[in-house]
Amino acid sequence: MKLIRTVSDMQKFSLDCKRKNQTIGFVPTMGSLHEGHLSLIRLAKKRSDIVVVSIFVNPLQFGKGEDFDKYPRNLDRDAELLHKEGVDVLFYPSVDEMYPDGKILTEVYVNKISEILCGKYREGHFKGVTTVVSKLFNIVMPDIAVFGKKDRQQLFIIKKMVNDLNFNIKIIEGEIIREKDGLAMSSRNSYLLDEERESALMIYKGLKNSVDTLKKTKDVEKTKKEFIKYVESSPLNSVQYIEVVNSKDFSIVEEVDRDLYYILTAVFVGNTRLIDNMEVEIE
Ligand code: AMP
(Lines give C-alpha, C1' and ligand atoms only; values in the text may rest on other atoms or scores of the structure.)
Protein backbone atom coordinates (compact mmCIF):
# COMPACT_ATOMS: atom_id res chain seq x y z
CA MET A 1 0.00 0.00 0.00
CA LYS A 2 1.24 3.44 -0.95
CA LEU A 3 1.10 6.25 1.63
CA ILE A 4 0.57 9.63 -0.02
CA ARG A 5 0.71 12.81 2.01
CA THR A 6 0.61 15.66 -0.50
CA VAL A 7 -2.12 16.94 -2.79
CA SER A 8 0.20 17.04 -5.81
CA ASP A 9 1.42 13.45 -5.36
CA MET A 10 -2.16 12.25 -4.98
CA GLN A 11 -3.26 14.06 -8.14
CA LYS A 12 -0.25 12.70 -10.02
CA PHE A 13 -1.08 9.15 -8.93
CA SER A 14 -4.74 9.49 -9.95
CA LEU A 15 -3.91 10.98 -13.36
CA ASP A 16 -1.53 8.10 -13.91
CA CYS A 17 -4.32 5.61 -13.15
CA LYS A 18 -6.59 7.38 -15.60
CA ARG A 19 -3.92 7.20 -18.30
CA LYS A 20 -3.81 3.45 -17.72
CA ASN A 21 -7.63 3.29 -17.92
CA GLN A 22 -7.84 2.15 -14.29
CA THR A 23 -10.97 3.16 -12.39
CA ILE A 24 -10.61 4.66 -8.92
CA GLY A 25 -12.88 3.89 -5.96
CA PHE A 26 -12.62 6.30 -3.04
CA VAL A 27 -13.57 5.99 0.64
CA PRO A 28 -13.13 9.19 2.68
CA THR A 29 -12.80 8.64 6.45
CA MET A 30 -11.56 10.33 9.60
CA GLY A 31 -9.68 7.18 10.61
CA SER A 32 -9.91 5.14 13.81
CA LEU A 33 -11.24 2.51 11.47
CA HIS A 34 -13.81 -0.17 12.31
CA GLU A 35 -15.85 -2.76 10.41
CA GLY A 36 -18.20 -0.01 9.17
CA HIS A 37 -15.33 1.63 7.28
CA LEU A 38 -13.99 -1.72 6.08
CA SER A 39 -17.39 -2.65 4.62
CA LEU A 40 -17.26 0.51 2.47
CA ILE A 41 -13.74 -0.36 1.34
CA ARG A 42 -14.94 -3.82 0.26
CA LEU A 43 -17.71 -2.19 -1.79
CA ALA A 44 -15.16 0.10 -3.45
CA LYS A 45 -12.86 -2.83 -4.18
CA LYS A 46 -15.64 -4.77 -5.92
CA ARG A 47 -16.41 -1.88 -8.23
CA SER A 48 -13.05 -0.37 -9.14
CA ASP A 49 -9.48 -1.25 -10.15
CA ILE A 50 -7.76 0.98 -7.60
CA VAL A 51 -8.97 1.80 -4.08
CA VAL A 52 -7.97 5.04 -2.35
CA VAL A 53 -8.86 5.64 1.30
CA SER A 54 -8.33 9.03 2.89
CA ILE A 55 -7.84 9.63 6.58
CA PHE A 56 -8.29 13.26 7.48
CA VAL A 57 -9.76 14.63 10.69
CA ASN A 58 -11.20 17.76 9.16
CA PRO A 59 -11.12 20.74 11.55
CA LEU A 60 -13.65 22.60 9.39
CA GLN A 61 -16.46 20.24 10.34
CA PHE A 62 -15.96 20.43 14.11
CA GLY A 63 -17.63 23.24 16.03
CA LYS A 64 -16.22 25.13 19.01
CA GLY A 65 -16.21 22.87 22.07
CA GLU A 66 -16.55 19.72 19.98
CA ASP A 67 -14.10 16.81 20.06
CA PHE A 68 -11.59 17.75 17.30
CA ASP A 69 -8.59 17.57 19.66
CA LYS A 70 -9.58 14.35 21.37
CA TYR A 71 -10.95 12.59 18.27
CA PRO A 72 -9.28 9.12 18.27
CA ARG A 73 -6.26 8.95 15.94
CA ASN A 74 -4.30 5.76 15.33
CA LEU A 75 -2.41 5.80 12.03
CA ASP A 76 -0.33 2.65 12.56
CA ARG A 77 -3.33 0.48 13.40
CA ASP A 78 -5.40 2.01 10.58
CA ALA A 79 -2.60 1.52 8.01
CA GLU A 80 -2.29 -2.13 9.01
CA LEU A 81 -6.05 -2.69 8.59
CA LEU A 82 -6.04 -0.97 5.19
CA HIS A 83 -3.03 -2.99 4.06
CA LYS A 84 -4.86 -6.22 5.04
CA GLU A 85 -7.91 -5.13 3.02
CA GLY A 86 -5.74 -4.72 -0.07
CA VAL A 87 -6.17 -0.95 -0.29
CA ASP A 88 -3.86 0.59 -2.92
CA VAL A 89 -3.40 4.09 -1.52
CA LEU A 90 -3.83 5.71 1.87
CA PHE A 91 -4.12 9.46 1.36
CA TYR A 92 -3.16 11.05 4.67
CA PRO A 93 -2.71 14.80 4.29
CA SER A 94 -1.86 17.16 7.15
CA VAL A 95 -4.23 20.00 8.06
CA ASP A 96 -1.66 22.40 6.61
CA GLU A 97 -1.58 20.50 3.32
CA MET A 98 -5.37 20.76 2.99
CA TYR A 99 -5.67 24.34 4.31
CA PRO A 100 -2.28 25.95 3.54
CA ASP A 101 -2.87 29.42 4.98
CA GLY A 102 -4.72 28.15 8.00
CA LYS A 103 -7.96 28.73 6.20
CA ILE A 104 -9.48 28.79 2.75
CA LEU A 105 -11.90 31.36 1.38
CA THR A 106 -14.00 29.07 -0.76
CA GLU A 107 -16.86 27.12 0.78
CA VAL A 108 -19.26 24.57 -0.63
CA TYR A 109 -22.68 24.63 0.99
CA VAL A 110 -25.85 22.70 0.27
CA ASN A 111 -28.75 24.87 1.39
CA LYS A 112 -31.77 23.79 3.44
CA ILE A 113 -30.87 20.15 4.13
CA SER A 114 -27.62 21.27 5.82
CA GLU A 115 -29.63 23.38 8.28
CA ILE A 116 -31.85 20.72 9.87
CA LEU A 117 -31.23 17.80 12.27
CA CYS A 118 -27.45 17.56 12.89
CA GLY A 119 -26.99 20.84 11.01
CA LYS A 120 -29.24 22.64 13.47
CA TYR A 121 -27.14 21.57 16.46
CA ARG A 122 -23.69 21.51 14.81
CA GLU A 123 -23.41 24.92 13.18
CA GLY A 124 -21.18 24.88 10.11
CA HIS A 125 -20.71 21.10 10.31
CA PHE A 126 -22.11 20.18 6.90
CA LYS A 127 -20.43 23.17 5.24
CA GLY A 128 -17.17 21.73 6.54
CA VAL A 129 -18.10 18.31 5.21
CA THR A 130 -19.15 19.41 1.73
CA THR A 131 -16.15 21.72 1.39
CA VAL A 132 -13.62 19.03 2.33
CA VAL A 133 -15.36 16.34 0.27
CA SER A 134 -15.28 18.67 -2.77
CA LYS A 135 -11.56 19.20 -2.23
CA LEU A 136 -10.97 15.46 -1.80
CA PHE A 137 -12.96 14.73 -4.98
CA ASN A 138 -10.74 17.16 -6.93
CA ILE A 139 -7.59 15.68 -5.40
CA VAL A 140 -8.42 11.96 -5.73
CA MET A 141 -10.54 12.29 -8.90
CA PRO A 142 -12.42 9.04 -8.24
CA ASP A 143 -14.94 7.33 -10.54
CA ILE A 144 -16.94 6.14 -7.54
CA ALA A 145 -17.02 7.22 -3.90
CA VAL A 146 -18.54 5.18 -1.08
CA PHE A 147 -20.39 6.67 1.91
CA GLY A 148 -22.20 4.94 4.76
CA LYS A 149 -25.90 5.14 5.57
CA LYS A 150 -24.84 5.54 9.21
CA ASP A 151 -24.45 9.26 8.37
CA ARG A 152 -27.73 9.36 6.49
CA GLN A 153 -28.01 13.15 6.34
CA GLN A 154 -24.41 13.51 5.18
CA LEU A 155 -25.01 10.90 2.45
CA PHE A 156 -28.11 12.74 1.22
CA ILE A 157 -26.28 16.09 1.23
CA ILE A 158 -23.31 14.69 -0.68
CA LYS A 159 -25.56 13.11 -3.30
CA LYS A 160 -27.31 16.46 -3.72
CA MET A 161 -23.97 18.28 -4.01
CA VAL A 162 -22.66 15.81 -6.60
CA ASN A 163 -25.84 16.24 -8.60
CA ASP A 164 -26.05 20.04 -8.26
CA LEU A 165 -22.38 20.67 -9.08
CA ASN A 166 -22.09 17.95 -11.75
CA PHE A 167 -19.25 16.02 -10.15
CA ASN A 168 -18.70 13.08 -12.51
CA ILE A 169 -18.61 10.63 -9.61
CA LYS A 170 -21.01 7.80 -8.77
CA ILE A 171 -21.95 7.70 -5.09
CA ILE A 172 -22.30 4.21 -3.65
CA GLU A 173 -24.20 3.68 -0.37
CA GLY A 174 -23.02 1.28 2.33
CA GLU A 175 -25.36 -0.35 4.87
CA ILE A 176 -25.00 0.51 8.57
CA ILE A 177 -22.68 -1.98 10.25
CA ARG A 178 -23.66 -2.72 13.85
CA GLU A 179 -22.10 -4.44 16.84
CA LYS A 180 -23.57 -7.90 17.63
CA ASP A 181 -26.11 -6.36 20.01
CA GLY A 182 -27.19 -3.67 17.53
CA LEU A 183 -25.24 -0.54 18.49
CA ALA A 184 -24.14 1.22 15.29
CA MET A 185 -20.36 1.11 14.96
CA SER A 186 -18.71 4.50 15.39
CA SER A 187 -15.21 5.74 16.14
CA ARG A 188 -16.82 7.70 18.98
CA ASN A 189 -18.01 4.49 20.71
CA SER A 190 -14.47 4.29 22.13
CA TYR A 191 -15.37 7.25 24.39
CA LEU A 192 -18.08 5.22 26.17
CA LEU A 193 -17.57 3.95 29.71
CA ASP A 194 -19.05 0.50 30.48
CA GLU A 195 -22.38 1.73 31.82
CA GLU A 196 -22.64 4.28 29.01
CA ARG A 197 -22.08 1.51 26.46
CA GLU A 198 -25.08 -0.33 27.93
CA SER A 199 -27.17 2.82 27.88
CA ALA A 200 -26.17 3.55 24.25
CA LEU A 201 -27.81 0.30 23.16
CA MET A 202 -31.18 1.91 23.92
CA ILE A 203 -30.72 4.09 20.82
CA TYR A 204 -30.85 0.99 18.62
CA LYS A 205 -33.69 -0.60 20.58
CA GLY A 206 -35.62 2.68 20.65
CA LEU A 207 -35.26 3.11 16.88
CA LYS A 208 -36.48 -0.44 16.28
CA ASN A 209 -39.54 0.27 18.44
CA SER A 210 -40.06 3.53 16.51
CA VAL A 211 -40.11 1.69 13.20
CA ASP A 212 -42.76 -0.70 14.56
CA THR A 213 -44.84 2.09 16.11
CA LEU A 214 -44.76 4.26 12.98
CA LYS A 215 -45.71 1.32 10.75
CA LYS A 216 -48.57 0.33 13.04
CA THR A 217 -49.98 3.73 14.04
CA LYS A 218 -48.68 6.09 11.31
CA ASP A 219 -48.51 8.60 14.17
CA VAL A 220 -45.25 10.60 13.99
CA GLU A 221 -45.82 12.51 17.24
CA LYS A 222 -46.53 9.35 19.23
CA THR A 223 -43.50 7.60 17.68
CA LYS A 224 -41.17 10.45 18.67
CA LYS A 225 -42.63 10.77 22.18
CA GLU A 226 -42.29 7.03 22.82
CA PHE A 227 -38.68 7.09 21.64
CA ILE A 228 -37.74 9.96 23.95
CA LYS A 229 -39.55 8.37 26.90
CA TYR A 230 -37.81 5.03 26.39
CA VAL A 231 -34.28 6.32 25.64
CA GLU A 232 -34.37 8.90 28.43
CA SER A 233 -35.51 6.26 30.95
CA SER A 234 -31.74 5.89 31.39
CA PRO A 235 -30.40 8.91 33.30
CA LEU A 236 -27.23 8.78 31.14
CA ASN A 237 -29.14 9.47 27.91
CA SER A 238 -30.38 12.78 26.59
CA VAL A 239 -32.10 12.93 23.18
CA GLN A 240 -30.95 15.91 21.10
CA TYR A 241 -33.42 15.22 18.29
CA ILE A 242 -35.61 12.49 16.87
CA GLU A 243 -37.26 13.22 13.53
CA VAL A 244 -38.94 11.47 10.64
CA VAL A 245 -37.91 12.65 7.16
CA ASN A 246 -39.16 11.85 3.70
CA SER A 247 -36.61 9.78 1.76
CA LYS A 248 -37.18 11.79 -1.44
CA ASP A 249 -36.36 15.35 -0.35
CA PHE A 250 -35.21 14.85 3.25
CA SER A 251 -37.94 17.15 4.59
CA ILE A 252 -39.05 16.68 8.19
CA VAL A 253 -42.62 15.34 8.25
CA GLU A 254 -45.38 15.43 10.85
CA GLU A 255 -47.54 12.92 8.96
CA VAL A 256 -46.79 9.89 6.84
CA ASP A 257 -48.39 8.34 3.74
CA ARG A 258 -47.44 5.25 1.76
CA ASP A 259 -43.76 5.99 1.15
CA LEU A 260 -40.22 5.39 2.36
CA TYR A 261 -39.11 7.45 5.37
CA TYR A 262 -36.05 7.68 7.59
CA ILE A 263 -36.18 8.01 11.37
CA LEU A 264 -33.05 9.84 12.53
CA THR A 265 -31.75 10.61 15.98
CA ALA A 266 -28.84 12.13 17.88
CA VAL A 267 -28.46 11.19 21.52
CA PHE A 268 -25.97 12.28 24.15
CA VAL A 269 -24.84 9.30 26.22
CA GLY A 270 -22.97 11.02 29.00
CA ASN A 271 -20.77 13.48 27.10
CA THR A 272 -20.67 11.40 23.91
CA ARG A 273 -22.95 12.38 21.07
CA LEU A 274 -24.06 9.42 18.96
CA ILE A 275 -26.22 9.34 15.83
CA ASP A 276 -28.21 6.53 14.27
CA ASN A 277 -31.12 6.06 11.88
CA MET A 278 -33.44 3.48 10.35
CA GLU A 279 -35.52 3.21 7.21
CA VAL A 280 -39.26 2.65 7.45
CA GLU A 281 -41.52 1.75 4.57
CA ILE A 282 -45.12 2.78 5.25
CA GLU A 283 -47.62 0.55 3.50
P1 AMP B 1 -16.09 8.82 9.55
O2 AMP B 1 -14.72 8.20 9.67
O3 AMP B 1 -16.90 8.72 10.79
O4 AMP B 1 -16.06 10.18 8.93
O5 AMP B 1 -16.86 7.90 8.50
C6 AMP B 1 -16.35 7.64 7.23
C7 AMP B 1 -17.39 6.90 6.43
O8 AMP B 1 -17.71 5.68 7.09
C9 AMP B 1 -18.71 7.67 6.27
O10 AMP B 1 -19.21 7.48 4.96
C11 AMP B 1 -19.60 7.02 7.29
O12 AMP B 1 -20.96 7.08 6.96
C13 AMP B 1 -19.11 5.58 7.22
N14 AMP B 1 -19.45 4.85 8.45
C15 AMP B 1 -19.18 5.20 9.73
N16 AMP B 1 -19.70 4.30 10.59
C17 AMP B 1 -20.33 3.38 9.84
C18 AMP B 1 -21.09 2.19 10.13
N19 AMP B 1 -21.28 1.78 11.37
N20 AMP B 1 -21.59 1.49 9.09
C21 AMP B 1 -21.40 1.90 7.81
N22 AMP B 1 -20.71 2.99 7.47
C23 AMP B 1 -20.18 3.73 8.46
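Whatever order the structure lists ligands and atoms in, that order sets their numbers, starting from 1.
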Return a yes/no value for [X]: is any of its N or O atoms, backbone included, closer than 3.5 angstrom to an N or O of ligand 1?
X: Ile177; answer: yes
X: His37; answer: yes
X: Asp151; answer: yes
X: Val146; answer: no

Any chance the side chains of [X] and [Y] put a donor and an acceptor closer than 3.5 Å?
X: Glu97; Y: Thr6; answer: no
X: Tyr261; Y: Glu243; answer: no
X: Ser234; Y: Ser199; answer: yes
X: Tyr191; Y: Asp67; answer: yes
X: Asp96; Y: Ser94; answer: no
X: Asn58; Y: Tyr99; answer: yes

Checklist entry - Would you say the side chain of Phe126 lies within less than 4.5 Å of the side chain of Val110, judging by non-hydrogen atoms? => result no
At less than 4.0 angstrom from any non-hydrogen atom of [X], what atoms of ligand 1 do you find?
X: Pro28; value: 6 (C), 7 (C)
X: Thr29; value: 2 (O), 6 (C)
X: His34; value: 15 (C), 16 (N), 17 (C)
X: Leu40; value: 7 (C), 8 (O), 10 (O), 13 (C)
X: Ile176; value: 20 (N), 21 (C)
X: Phe147; value: 10 (O)
X: Glu175; value: 20 (N), 21 (C)

Checklist outcome for this item: min-distance protein heavy atom vs atom 4 (O) of ligand 1 -> Met30 CG, 3.5 Å
Checklist entry - Which residue owns the protein heavy atom closest to atom 22 (N) of ligand 1, what's the atom, and how far is it? => result Gly148 CA, 3.6 Å
Checklist entry - Who's closest to atom 9 (C) of ligand 1 heavy-atom-wise, of Met185, Lys150, Gln154? => result Gln154
Item to check | Verdict with supporting geometry, Ile252 and Leu117, side chain to side chain contact (heavy atoms under 4.5 Å, CB included) | outcome: CA-CA 9 Å; Ile252 294 173; Leu117 308 168; 4.2 Å; yes
Checklist entry - Under a 4.0 Å N-O cut-off, is there an ion pair linking Lys215 with Asp212? => result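 Salt bridge: no.
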